[in-house]
Amino acid sequence: MKWAKWLGGLFAAVMVALTLSACAPTEHKEGTGGYIDDTVITTKVKSQLLGDEALKHANQISVETFKGRVQLSGFVSSPQMAARAVSVARGVNGVKSVINNMQIR
């Protein structure tokens with residue numbers, strides 16, 4: 001009977017450990033908390049871009065965030081508009097770096 005309880009406890013501990021390790025972040029995969037943080041950063045960057053007067057008509061800018069690194073892609077009408085979008089994104093709290101993949105149209 002002692003062995004059955006001991007094996008049951010060991011099995012439960014192993015299952016909990018495996019379950020928790022599946023949620024752990026890796027270099028190429030975010031954990032749940034990191035995903036939520038990046039979603040908040042993406043929303044803040046999009047909001048700032050839409051609210052900026054100089055970028056009023058730049059609605060073709062896509063924003064993606066991974067571990068605090070923001071990637072801007074899409075189309076803008078001038079290099080100045082692209083630089084402004086990068087500057088606005090850098091000013092958002094939580095942004096670690098900005099990657100500019102925007103194209104001039």
Side-chain angles (χ1 to χ4, degrees):
M1 193 63 149
K2 277 186 176 181
W3 286 100
K5 285 184 180 181
W6 184 82
L7 282 176
L10 179 64
F11 179 74
V14 168
M15 292 306 293
V16 168
L18 287 174
T19 302
L20 291 177
S21 68
C23 296
T26 64
E27 184 178 335
H28 301 287
K29 184 185 101 177
E30 286 183 300
T32 306
Y35 177 78
I36 292 170
D37 292 344
D38 285 344
T39 302
V40 170
I41 291 171
T42 298
T43 303
K44 286 181 180 179
V45 170
K46 286 181 179 181
S47 175
Q48 291 296 319
L49 290 174
L50 289 173
D52 190 275
E53 195 63 34
L55 300 170
K56 194 174 191 177
H57 302 290
N59 56 357
Q60 292 185 345
I61 299 175
S62 296
V63 180
E64 293 181 31
T65 308
F66 182 72
K67 294 188 177 184
R69 292 185 302 266
V70 173
Q71 176 179 312
L72 301 176
S73 58
F75 299 96
V76 292
S77 59
S78 69
Q80 294 81 9
M81 193 175 278
R84 178 65 186 159
V86 169
S87 175
V88 167
R90 282 189 180 134
V92 172
N93 205 9
V95 172
K96 295 178 181 174
S97 64
V98 178
I99 302 164
N100 180 1
N101 285 339
M102 292 178 284
Q103 296 180 5
I104 312 303
R105 204 191 274 188

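Hydrogens, waters and symmetry mates play no part in the numbers below; they use all other heavy atoms, side chains included.
Across Val88, Val86, Asn101, a single residue satisfies side-chain contact (heavy atoms from CB on, under 4.5 Å) together with Leu72, and that is Val86.
Looking at heavy atoms from C-beta onward, Val95 lies in side-chain contact with Val45 at the 4.5 angstrom threshold.
One finds the CD atom of Gln48 at 11.0 Å from the OG atom of Ser87 (value rounded to the nearest 0.5 Å). Residue Gln60 holds its CD atom at 10.0 Å from OG of Ser77, rounded to the nearest 0.5 Å.
Closest heavy-atom contact between Gly68 and Ile41: CA-CD1, 4.2 Å. Taking each heavy atom of Ala82 and Asn100 in turn, the nearest pair found is CB-ND2, 4.1 Å. Closest approach of Met102 and Ala85 over heavy atoms only: CE-CB, 3.8 Å. Nearest heavy-atom pair across Arg69 and Ser97 is CG-OG, 3.1 Å. The two residues Val98 and Ala89 come nearest to each other via the heavy atoms CG2-CB, 3.9 Å.
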Using side chain to side chain contact (heavy atoms under 4.5 Å, CB included), reason through Leu55 and Met81 one step at a time and then give a plain yes or no.
CA-CA 7 Å; Leu55 300 170; Met81 193 175 278; 3.3 Å; yes
Applying side chain to side chain contact (heavy atoms under 4.5 Å, CB included) to Leu49 and Val63, what does each step give before you reach the verdict?
CA-CA 10 Å; Leu49 290 174; Val63 180; 3.8 Å; yes
For Lys46 and Thr42, what are the C-alpha separation, side-chain angles and deciding distance, and is it a side chain to side chain contact (heavy atoms under 4.5 Å, CB included)?
CA-CA 6 Å; Lys46 286 181 179 181; Thr42 298; 3.8 Å; yes
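With hydrogens and angles ignored, the 3.5 Å screen pairs a side-chain donor or acceptor of Thr43 with a backbone N or O of Thr39.
Using a 4.5 Å cut-off between side-chain heavy atoms of Ile, Leu, Val, Met, Phe, Trp and Tyr, with links allowed through other members, Ile99 and Phe75 fall into different hydrophobic clusters.
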